Amino acid sequence: MTIAADAPVRGPDRDDGPAIETHGLVKHFGTTRAVDGVDLLIPRGGVHGFLGPNGAGKTTTIRVLATLIRPDAGTARVFGHDVVHEADAVRARVSLTGQFASLDEDLTGDENLRLLARLLGYPRAEGRARAEQVLDAFGLTEAAGKQVKKYSGGMRRRIDIAASIVVRPDLIFLDEPTTGLDPRSRNQVWEVVRALVRGGTTVLLTTQYLDEADQLADRISVIDTGTVVAEGSPGELKASVGTGSLHVRVRRPEQRAAARDLLQRVLGVEVHEQGDPAGLVATVADAGPVARALTALEDAQIGLAQYALGQPSLDEVFLALTGHATGTAPAQEDQA
Amino acid sequence: MTAVQTPATGTWVPDTAAVHEALVAGARPKPQGPLAASATFGWRTLLRIKHVPEQLFDVTAFPVMMTLIFTLLFGGALAGTVDAYIQFFLPGILVQSILMITMYTGVALNTDIEKGVFDRIRSLPVWRPSALVGALLGDVLRFTLASAVIITLGMLLGFRPDGGALGVLAAVGLLLVFAFALGWIWTFLALRLRTPNAVMGWSMLVITPLTFGSNIFVDPSTMPGWLQAFVDVNPVSHLVTAVRGLMHGEAAGGDVLMVFAWAALLVAVLGPLTMRRYGNRD
Ligand SMILES: Nc1ncnc2c1ncn2[C@@H]1O[C@H](COP(=O)(O)OP(=O)(O)OP(=O)(O)O)[C@@H](O)[C@H]1O
Ligand SMILES: [Mg+2]
């Protein structure tokens, strides 16, 4: 991936520091600890993925970083500027694409963008031209004169993102940009994100989908109940989780034990028996050995009723990383 | 028309080169200053009126109803003839109507702020109060419209201001200044309270004693002493006296000054309180 030489230079107040740096960030609402001691160090350039289930604290973290709410404890810096004490300097560098309707839905797409262009300092004529240019780049020229509330879901997300680049941001927050989109619209958003990164913008993207983080992110923070439970490149996380799980059902249940031994030997990983008397499951690091394992079963005359290789779900990721399912505390183990 | 193939929205293929180009072509000018940004947010209010013209219903239908009910229903009873009463009453009903419709500012803001667009607005590098100032300025335009409706209707019913056009304009101007200042109470409530209904309820609780405990409807000399004392310090009374005075060409200097003082006080106290709330709202 090519990343533009450097973030744009903006006069003498050129600041430094990583894109995002937080220490012990805490934010609670009443008794809910939405963010509960988050430490982040996100360098400039590329996409940082924020992966977590509903209520993990993704949006709250982003709202703190975008200067919308103050943390109750801890510090957060964006390009070296404190989000509480230097909020203006932070706002000048970031753009927020919120999880929900982040534009005025009663206005047209064009009016929304012109409004932002004016506020951000474009003179009237230049603002109009800029709105046109951005709408065109996002394939929204035809919809420019329509009220945003009449847009389809995919168009909504596109104009939300378009609105965030009216002025080139150094850091853009995309809060679940593809939730609720069909596969095609999702792909469109992914392409747009890649284009933003090529332009030198740092992207912080939240998602509930492992494959999305895998597709886009250079590094991923897995967040659950307000804390970062794991962090690393997609490759590192997958190494700890496996690319997927292999599910196998033998035709004759009495062969299960033999099948298990064989699979363990070939795959080199632990193979578990499932509740189903003929079922086995293994977490595999990559798909390569799976074909060999299946051939080995065939050679050993162990017939299979069924097999499937799937991407690990977010639940499986959490299980692997935290030892408990999403949203449940580790203490709640069954004594069955 | 023949079957032209219109590009369906789902079939858009991202032109990443164009997106990239649009991104890097984005200049980074200096953001608007406080005044310009407020004006731009005022423009947003105008655009919203253009797309949702129903908003103008409250500011026209309500004052018309109030004027008709009070002049025709009570006018004769309170002052003998409608014609005599309307000279005294119209400036009062104008004040009453405009102050009542200022409450919609808070209700609208409370609805607006729940939407994601406010997060985007608050994350922009512009003077923070400008979004609220702009909304209030846009509302001033709606109040101007309502004033024009009421005065026109009043003239049709026999209202004859001795102060002439200039006096009427000065009176409306003063009223708008006060309405703008009062708007900060509603924006403050809108930011404190969770639902539009709660905002409406609290606003009624504030506005009802202010308007009825004043000299809008009747001469306070007929009231009990404690009520007279309240009426005397009530800024709305000063406003009504000033508006009447200006419309009828009678001196009202002291009351005009009092209105400006109250307006300044409201903005000076509630502006910062509101902004603190706006900055920290969860
Ligand atoms: N304004 C608020 N008032 C009270 N509680 C809140 C508020 N905002 C968030 N919460 C709570 O804080 C927790 C974290 O919420 P947050 O929105 O940050 O999660 P999220 O990871 O973005 O979830 P989702 O994937 O559903 O968007 C949740 O339990 C939520 O109910
Ligand atoms: Mg969220």
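In what follows, chains carry the letters A, B, and so on, assigned in the order in which the sequence lines appear, proteins first and then strands, with residues in each chain numbered from 1. On a predicted model such as this, the values are computed, not experimentally measured, just so you know.
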Residue, of A:Ile165, A:Leu96, A:Val94, that accumulates the most heavy atom pairs under 4.5 Å with chain B: A:Leu96

Toward chain B, the part of A:Tyr122 with a non-hydrogen atom under 4.5 Å: both

Part of A:Arg118 lying under 4.5 Å from any heavy atom of chain B: both

A:Thr97 portion near chain B, given a 4.5 angstrom heavy-atom threshold: both

Ion pair B:Arg48/A:Glu111, N-O distance below 4.0 Å: no

Gap separating the OG1 atom of B:Thr40 from the CZ atom of A:Arg114, nearest 0.5 angstrom: 11.5 Å

Note, A:Leu120 side chain near B:Pro125 side chain (heavy atom, < 4.5 Å): yes

Shortest non-hydrogen separation from A:Val167 to B:Arg28 and the atoms involved: CG1-CG, 3.4 Å

Closest-packed option against chain B by number of heavy-atom pairs under 4.5 Å, given A:Ser102, A:Ala195, A:Gly98: A:Ser102

Interatomic spacing from CG in B:Leu124 to OG in A:Ser95 - rounded to 0.5 Å: 8.0 Å

Under 4.5 Å from any heavy atom of chain B - which part of A:Leu140: neither

Closest-packed option against chain B by number of heavy-atom pairs under 4.5 Å, given A:Glu126, A:Arg130, A:Glu191: A:Arg130

For chain A, the option from B:Ala36, B:Ser130, B:Ser123 that forms the most heavy-atom pairs under 4.5 Å: B:Ser123

A:Leu107 side chain reached by B:Lys50 side chain, heavy atoms, under 4.5 Å: no

Beyond-backbone contact of B:His51 with A:Glu105, side-chain heavy atoms, under 4.5 angstrom: no

Separation between CZ of B:Phe118 and CG of A:Asp104, rounded to the nearest 0.5 Å: 9.5 Å

Leading residue by heavy atom contact count with chain B [cutoff under 4.5 Å; candidates A:Ala162, A:Pro123, A:Gly153, A:Gly139]: A:Gly139

Under 3.5 Å donor-acceptor, B:Arg44 side chain and A:Leu115 backbone: no

Contact origin within A:Ala143 toward chain B - heavy atom pairs under 4.5 Å: neither

Within 6.0 Å of CG in B:Leu68, more than 12 heavy atoms from elsewhere: yes

Rounded distance [0.5 Å steps], CH2 in B:Trp127 versus CG in A:Asp88: 12.5 Å

For B:Ala18 against A:Ala137, the heavy-atom pair lying closest together: O-CB, 3.6 Å

Heavy-atom check, side chain of A:Phe100 versus side chain of B:Asp119, under 4.5 Å: no

For chain A, the option from B:Ala39, B:Pro29, B:Gly33 that forms the most heavy-atom pairs under 4.5 Å: B:Pro29

B:Arg120 side chain to A:Ser164 side chain, donor-acceptor N/O pair below 3.5 angstrom: yes

From B:Leu47 atom CG to A:Asp106 atom CG, the distance as rounded to the nearest 0.5 Å: 11.0 Å

Contacting moiety of A:Gln147, where chain B heavy atoms sit under 4.5 Å: side chain

